[in-house]
Amino acid sequence: MGKTSKVVVCGMKGVGKTAVLEQLIYGNVNLKSSFYPTIEDIYVANIETDRGTKERVCFYDTAGLEPPLTGPPQSPTMQLTANQVLQRHYLGFAEGFVMVYDTTQPESLDVLMYLKKDIDRNKDKKEVVMLVIGNRTGPDDINSLENTCSKAANWCAREKIRHFEVTAMDRPSLYEPFIFMTTKLNPVQNKTAFPQLSTLSKLTQKNNRSDAI
């Protein structure tokens with residue numbers, strides 16, 4: 001393990017962001033669990049990559065955002081209120097964003113559409129890793145559920161973001177998205193174009209022997 005990656009977990013209030021992190025890291029969430037509204041919490045965990053290595057990730061659990069009043073954003077210049085956007089300091093250091101919506105609340109997906117545009121406008125052109133998690137927090141009309149998930153999947157495909165469906169009650173369902181995030185944050189380093197030091201050393205030794213002869 002080398003550097004510690006910084007990941008911001010964000011979305012509408014009440015979608016289960018804290019429950020997802022608590023279940024992923026500690027496995028202590030059940031149907032009787034209750035959480036107070038988050039202001040900001042920080043979790044540090046060693047997460048496995050798809051290569052089997054473990055990397056340290058610092059998760060910033062953020063305050064829930066208010067839902068939009070007018071549905072999905074239509075204009076990239078649309079002004080958002082302070083409680084509909086992430087605090088600016090997150091955009092300065094975040095290397096990754098886990099955006100969470102509730103599959104039983106269609107308006108929580110609208111929040112992510114605003115959120116994605118706001119992040120894109122303010123992340124100073126740096127590359128960040130994003131993924132979207134649909135967390136099912138309770139029972140809902142099956143047609144409404146399918147419509148929300150389908151809409152989310154189509155939006156993520158257009159935005160080129162990976163989309164995952166999970167439930168915070170089921171810990172194994174959380175593994176795949178966070179393994180994906182950690183792997184993307186810690187790619188395999190490309191081999192240098194310069195000759196390896198061992199090769200250079202062998203060549204030097206060979207030349208020295210030739211000179212001696």
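Basis for what follows: all heavy atoms, side chains included, without hydrogens, waters or symmetry-related copies.
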- Query: Should Y101 and H163 be marked as a side-chain contact (heavy atoms from CB on, under 4.5 Å) after you check the CA-CA gap, both sets of side-chain angles, and the distance that decides it?
  - Reply: CA-CA 11 Å; Y101 73 98; H163 173 255; 2.8 Å; yes
- Item | For L131 against P177, the heavy-atom pair lying closest together | CD2-O, 3.3 Å
- Query: Short question: side chain of E66, backbone of N83 - any donor-acceptor pair under 3.5 Å?
  - Reply: no
- Item | Whether H89 and F93 hold their rings parallel, tilted or perpendicular, with breakpoints at 30° and 60° | tilted
- Query: Does the S33 side chain pair with the main chain of N30, one donor and one acceptor, at a distance under 3.5 Å?
  - Reply: yes
- Drop me the distance from E159's CD to N154's CG, to the nearest 0.5 angstrom. 12.0 Å
- Verify, without hydrogens or angle tests, whether T38 (side chain) and D61 (backbone) share a donor-acceptor contact under 3.5 angstrom. no
- Minimum heavy-atom separation for S5 to N186, with atom names? OG-ND2, 3.7 Å
- Who pairs with Y43 by ring pair (Phe, Tyr, Trp, His ring centres under 6.0 Å), at least two apart in sequence or on another chain? none
- Message: Grouping I, L, V, M, F, W and Y whenever their side-chain heavy atoms are under 4.5 Å apart, do V100 and M169 come out in a common cluster?
- Response: no
- Separation between CE of M99 and CE of M12, rounded to the nearest 0.5 Å: 15.0 Å
- Are any side-chain N or O atoms of K184 and backbone N or O atoms of G96, one a donor and one an acceptor, separated by less than 3.5 Å? no
- Selection residues 24-44 - residue pairs positive for salt bridge (charged side-chain N to carboxylate O under 4.0 Å, His left out), sequence neighbours left out: none
- Item | Pairwise distance SG(C149) to CG(L109) - rounded to 0.5 angstrom | 9.0 Å
- Message: What I'd like to find out is whether the side chain of T103 reaches to under 4.5 Å of the side chain of N135, using heavy atoms alone.
- Response: no
- Task: Decide yes or no on side-chain contact (heavy atoms from CB on, under 4.5 Å) for K123 and V128, but give the supporting numbers first.
- Result: CA-CA 8 Å; K123 61 184 177 65; V128 295; 3.8 Å; yes
- Note on the structure: Minimal heavy-atom distance between C10 and L112, with the atoms involved, is O-CD2, 4.4 Å
- Message: In the structure I gave you, are the side-chain heavy atoms of F178 and V20 within less than 4.5 Å of one another anywhere?
- Response: yes
- Note on the structure: On a heavy-atom basis, the closest approach of A94 and V8 is CB-CG2, 3.7 Å
- Note on the structure: NZ of K54 to CD1 of I47, rounded to nearest 0.5 Å, is 9.0 Å
- Query: What distance do E55 atom CD and T49 atom OG1 have between them, rounded to the nearest 0.5 Å?
  - Reply: 6.0 Å
- Task: Indicate, with yes or no, if Y26 and I42 share a hydrophobic cluster defined by side-chain heavy-atom contacts under 4.5 Å among Ile, Leu, Val, Met, Phe, Trp and Tyr.
- Result: yes
- Quick one: which of V85, D118, V15, L115 gives a side chain to side chain contact (heavy atoms under 4.5 Å, CB included) with L65? L115
- What pairs with F35 under ring pair (Phe, Tyr, Trp, His ring centres under 6.0 Å), at least two apart in sequence or on another chain? none
- Item | Joint cluster assignment, M181 & Y90, ILVMFWY side-chain distance < 4.5 Å | yes
- Query: Are Y175 and F180 an aromatic pair by the rule of ring centers under 6.0 Å?
  - Reply: no
- Looking only at heavy atoms, what is the nearest atom pair of R51 and T183, with distance? NH1-CG2, 3.7 Å
- Item | Flag, side chain of T182 to backbone of E48, donor-acceptor distance under 3.5 Å | no
- Query: Are V29 and I25 linked, directly or through other ILVMFWY residues, by side chains that come within less than 4.5 angstrom of each other?
  - Reply: no
- Query: Short question: side chain of R171, backbone of Q23 - any donor-acceptor pair under 3.5 Å?
  - Reply: yes
- Query: Please walk me through it: do T104 and D102 pass side chain to side chain donor-acceptor pair (under 3.5 Å)?
  - Reply: CA-CA 5 Å; T104 68; D102 182 347; 2.8 Å; yes
- Spatial distance of atom CZ (F164) from atom SG (C156) [nearest 0.5 Å]: 10.0 Å
- Is the shortest heavy-atom distance from the side chain of I161 to the side chain of K116 under 4.5 Å? yes
- Residue pair V44 / C58: nearest heavy atoms and the distance that separates them: CG2-SG, 4.1 Å
- Donor-acceptor pair, side chain of K126 and main chain of L91, under 3.5 angstrom: yes
- Message: Please evaluate residues T62 and F97 with respect to the criterion side-chain contact (heavy atoms from CB on, under 4.5 Å), reporting the C-alpha separation (whole Å), side-chain torsions for both, the decisive distance (0.1 Å), and the verdict.
- Response: CA-CA 11 Å; T62 61; F97 292 90; over 6 Å; no
- Answer with yes or no whether the hydrophobic clustering places L174 together with I179; edges join I, L, V, M, F, W, Y residues whose side-chain heavy atoms lie under 4.5 Å apart. yes
- Message: side-chain contact (heavy atoms from CB on, under 4.5 Å) for N122 and R88? Distances and angles first, verdict last.
- Response: CA-CA 8 Å; N122 294 283; R88 300 296 92 177; 3.2 Å; yes
